[in-house]
Number of protein chains: 2
Amino acid sequence: MDAYLQVGCEALADPTRFAIFGALRERPQAVGELATLFPVSRPAVSQHLRVLKNAGLVRDRKAGTRRIYAVDPEGVARLRRELDLLWSDALAAFKAAAEQWEEPHAV
Amino acid sequence: MDAYLQVGCEALADPTRFAIFGALRERPQAVGELATLFPVSRPAVSQHLRVLKNAGLVRDRKAGTRRIYAVDPEGVARLRRELDLLWSDALAAFKAAAEQWEEPHAV
DNA sequence: TCAGCTAGTAAGTAAAAACTTACGGTAAGT
DNA sequence: ACTTACCGTAAGTTTTTACTTACTAGCTGA
């Protein structure tokens with residue numbers, strides 16, 4: 001099926017990674033800057049950023065010796081669309097099976 | 001922050017769990033029924049269903065000796081709303097920082 | 001009640017993932 | 001060129017989590 005949703009959900013599943021994404025939601029930030037916000041080492045932040053980048057949720061840009069990360073609007077929009085499809089699909093399936101829920105005789 | 005998003009994303013992060021949710025999207029199903037669809041044991045499916053239930057994505061109903069699981073429309077709708085807030089927030093933040101992307105201010 | 005299904009829980013194991021320190025490589029300042 | 005600052009990667013460790021095999025309990029029909 002669509003492995004994109006998989007990767008996107010995995011990226012936001014970890015608390016630290018979710019918080020990092022939350023911090024980038026406020027403003028673009030460098031790696032070392034982000035590392036000061038959480039009780040993990042800088043390499044750990046780097047690794048989380050790689051996961052987020054692979055999921056298409058963030059992107060990076062070199063600025064001198066620093067590397068600035070920011071939310072990637074295209075990746076975010078895409079994941080949003082895919083999830084919307086999932087939800088509406090799930091809700092449609094629920095409506096289709098609504099009567100079976102109360103009266104389960106027909107399977 | 002909102003731990004609900006966290007739990008929701010965690011619930012869909014695992015491939016097997018995501019597939020189980022996908023199967024329930026088609027129609028409500030019993031635990032043993034679901035277990036035949038995937039190369040894992042029935043208790044494993046039970047445990048996945050517990051995670052999905054804690055996330056509010058599915059609900060269950062007793063039917064004789066069996067237990068029927070189905071997508072929970074309320075939980076799905078709620079997670080959908082929360083995610084929508086997250087996305088629009090992230091996209092708004094991007095627009096606000098769009099010019100900083102090319103010419104970032106010093107920190 | 002007994003036999004048979006069902007499914008959740010417990011306990012332990014195996015696999016995965018998050019984290020650490022150490023290292024190497026690039027960019028900017030002196 | 002040397003030094004300093006920033007960051008990614010490698011290697012190894014710790015912690016989580018997904019999974020298995022028992023075991024227990026509830027429901028149904030004979």
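Proteins come first, then strands; the chains are lettered A, B, ... in the order of their sequence lines, and each starts at number 1.
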Check: Once you round it to whole Å, what is the distance between C1' of C/dA7 and CG of B/Asp60?
Finding: 11 Å
Notebook entry, point to check: To the side chain of B/Arg66, which of C/dT9, C/dA7, D/dC7 is closest?
Noted result: C/dA7
Check: Quick one: is A/Ser41 getting a side-chain N or O under 4.0 Å of the C/dT20 phosphate, OP1 or OP2?
Finding: yes
Check: Please give, in whole Å, the distance from C/dT26 C1' to A/Arg61 CZ?
Finding: 17 Å
Item checked: Contact nearer the 5' end of DNA chain C, comparing A/Gly64 with A/Glu10 -> A/Glu10
Notebook entry, point to check: OP1 or OP2 of C/dA7 less than 4.0 angstrom from a side-chain nitrogen or oxygen of B/Ser46, does that happen here?
Noted result: no
Next item on the list: Please state whether the phosphate of C/dG8, meaning OP1 or OP2, lies under 4.0 angstrom from any side-chain nitrogen or oxygen of B/Tyr69.
Entry: yes
Check: B/Thr65 has a side chain; which of D/dG26, C/dA28, C/dT20 sits nearest to it?
Finding: D/dG26
Note to self: Checking A/Lys53 against A/Asp60 for the side-chain contact (heavy atoms from CB on, under 4.5 Å) test, could you report, in this order, the C-alpha distance in whole Å, the side-chain angles of both residues, the deciding distance, and whether it holds?
What the structure shows: CA-CA 8 Å; A/Lys53 186 178 177 183; A/Asp60 61 320; 2.8 Å; yes
Notebook entry, point to check: Taking only side-chain nitrogens and oxygens of A/Lys62, does any of them come within less than 4.0 Å of OP1 or OP2 of C/dA27?
Noted result: yes
Next item on the list: Specify the separation, in whole Å, of atom CG of A/Leu49 and atom C1' of D/dT9.
Entry: 14 Å
Checklist line | OP1 or OP2 of D/dG8 under 4.0 Å from side-chain N/O of A/Arg50 | finding: no
Notebook entry, point to check: If you check the B/Pro43 side chain, which of D/dA10, D/dC19, D/dT21 turns out closest?
Noted result: D/dT21
Checklist line | Atom pair CG/CG of B/Asn54 and B/Leu49 - distance to nearest 0.5 Å | finding: 11.0 Å
Next item on the list: Tell whether A/Gln47 reaches the base of C/dT20 with its side chain through a donor-acceptor pair below 3.5 angstrom.
Entry: yes
Check: Nearest nucleotide by nearest heavy atom, which residue falls closer to the 5' end of DNA chain C, A/Val40 or B/Arg67?
Finding: B/Arg67
Notebook entry, point to check: Starting at CG of B/Leu12 and ending at C1' of D/dT17, how long is that distance when rounded to a whole Å?
Noted result: 16 Å
Check: Which distance, rounded to the nearest 0.5 Å, do you find between the CG of A/Leu5 and the CZ of A/Arg78?
Finding: 9.0 Å
Next item on the list: Could you tell me the separation between the CZ atom of A/Phe38 and the P atom of C/dT20, rounded to a whole number of Å?
Entry: 13 Å
Checklist line | Spatial distance of atom CG (B/Leu86) from atom CZ (A/Arg80) [nearest 0.5 Å] | finding: 9.5 Å
Check: Hey, what do you get for OH (A/Tyr4) to SG (A/Cys9), rounding to the nearest 0.5 Å?
Finding: 11.0 Å
Notebook entry, point to check: Given D/dC19, is OP1 or OP2 found less than 4.0 Å from the side-chain N or O atoms of B/His48?
Noted result: yes
Notebook entry, point to check: Do the side chain of B/Arg42 and the base of C/dG8 come within less than 3.5 angstrom through a donor-acceptor pair of N or O atoms?
Noted result: yes
Next item on the list: Find the distance between CZ (A/Arg61) and CD1 (A/Ile68) and round it off to the nearest 0.5 Å.
Entry: 5.5 Å
Next item on the list: To the nearest Å, give me how far apart CG (B/Leu52) and C1' (D/dA18) are.
Entry: 14 Å
Next item on the list: Look at the side-chain N and O atoms of A/Arg17 and state whether any lies under 4.0 Å from the OP1 or OP2 oxygen of C/dA18.
Entry: yes
Note to self: Expressed as a whole number of angstroms, how long is the span from A/Asp14:CG to D/dT17:C1'?
What the structure shows: 12 Å
Check: Of all the nucleotides listed (D/dT20, C/dT21, D/dC19), which has the minimum atom distance to the side chain of B/Thr16?
Finding: D/dC19
Check: Please give, in whole Å, the distance from C/dA16 C1' to A/Gln6 CD?
Finding: 14 Å
